[in-house]
Undergrad: 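Mind looking over this structure? Questions follow.
Every value quoted in this text rests on a predicted model; they were computed, and no experiment measured them. Any value given below was found using the heavy atoms of this structure, including those in side chains, with hydrogens, waters and symmetry copies removed.
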Amino acid sequence: MIRAVVNRASSGDIIGFEVSGHSGYAEAGKDIVCAAVSAIVQTAILGLTDVVGIEVVYDQRPGEARCSVPEGLSQGLREKANIVLETMLCGLKSIQEGYGTYLKVEERRLR
């Protein structure tokens, strides 16, 4: 199972996420759940870095990805980051609705 944990500040802003595990839906190279989750996560990172222009802390390894958004962003950048990350969360939850046996999405409130 893939586990996606989205971390929120007390303000409600998404400040980072961790995605780990393997879905087990199908063999490697044919696993649509893994491919969908990977595409959504990669697109969110590209949105934050290439579109919004935020330098995030990001680490990716086989079966694992972690991202944290820096503190102290301007209000405008924070709003744009929230749009990208809330969209990512919506996408992951949508996959969970159809493939809940293979993906679990959690939200954690920090700070």
Undergrad: Let me see the working for I95 and I2 under side-chain contact (heavy atoms from CB on, under 4.5 Å), right down to the final yes or no.
TA: CA-CA 11 Å; I95 295 169; I2 297 172; over 6 Å; no
Undergrad: State plainly whether the residues R108 and E106 are in salt-bridge range, i.e. N to O under 4.0 Å.
TA: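 Salt bridge flag = no for E106 with R108.
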Undergrad: If you define the side chain from C-beta out and look only at heavy atoms, does anything of V41 sit under 4.5 Å from Y58?
TA: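 In contact.
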Undergrad: If we only count heavy atoms from C-beta on, is the E107 to I14 side-chain gap below 4.5 Å?
TA: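 Of all side-chain heavy-atom pairs linking I14 with E107, none is under 4.5 Å.
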Undergrad: I15 versus E71: any side-chain heavy-atom pair under 4.5 Å?
TA: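 Side-chain contact under 4.5 Å: no.
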Undergrad: Output the distance between atom CG (L85) and atom CG (N7), rounded to the nearest 0.5 Å.
TA: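 It is 11.0 Å, given to the nearest 0.5 Å.
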Undergrad: Do V52 and V56 share a hydrophobic cluster, counting only Ile, Leu, Val, Met, Phe, Trp and Tyr and linking them when any side-chain heavy atoms are less than 4.5 Å apart?
TA: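 Per the 4.5 Å side-chain linkage, V52 and V56 are co-clustered.
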Undergrad: Is any side-chain N of the basic residue among E86 and K93 closer than 4.0 Å to the acidic one's carboxylate O?
TA: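 Salt bridge absent between E86 and K93.
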Undergrad: Could you check whether any side-chain heavy atom of I45 comes within less than 4.5 Å of a side-chain heavy atom of C67, counting everything from C-beta outward?
TA: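 I45 vs C67: side chains touch.
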Undergrad: Would you say S23 and L103 make side-chain contact, with heavy atoms under 4.5 Å?
TA: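 No. Closest side-chain heavy atoms not under 4.5 Å.
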Undergrad: So V37 and L92, do their side chains get closer than 4.5 Å, heavy atoms only?
TA: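 Side chain of L92 against side chain of V37, heavy atoms only: contact under 4.5 Å found.
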Undergrad: As an exercise, state the distance from OG1 of T43 to CE of M88, rounded to the nearest 0.5 Å.
TA: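 Separation between the atoms: 11.0 Å.
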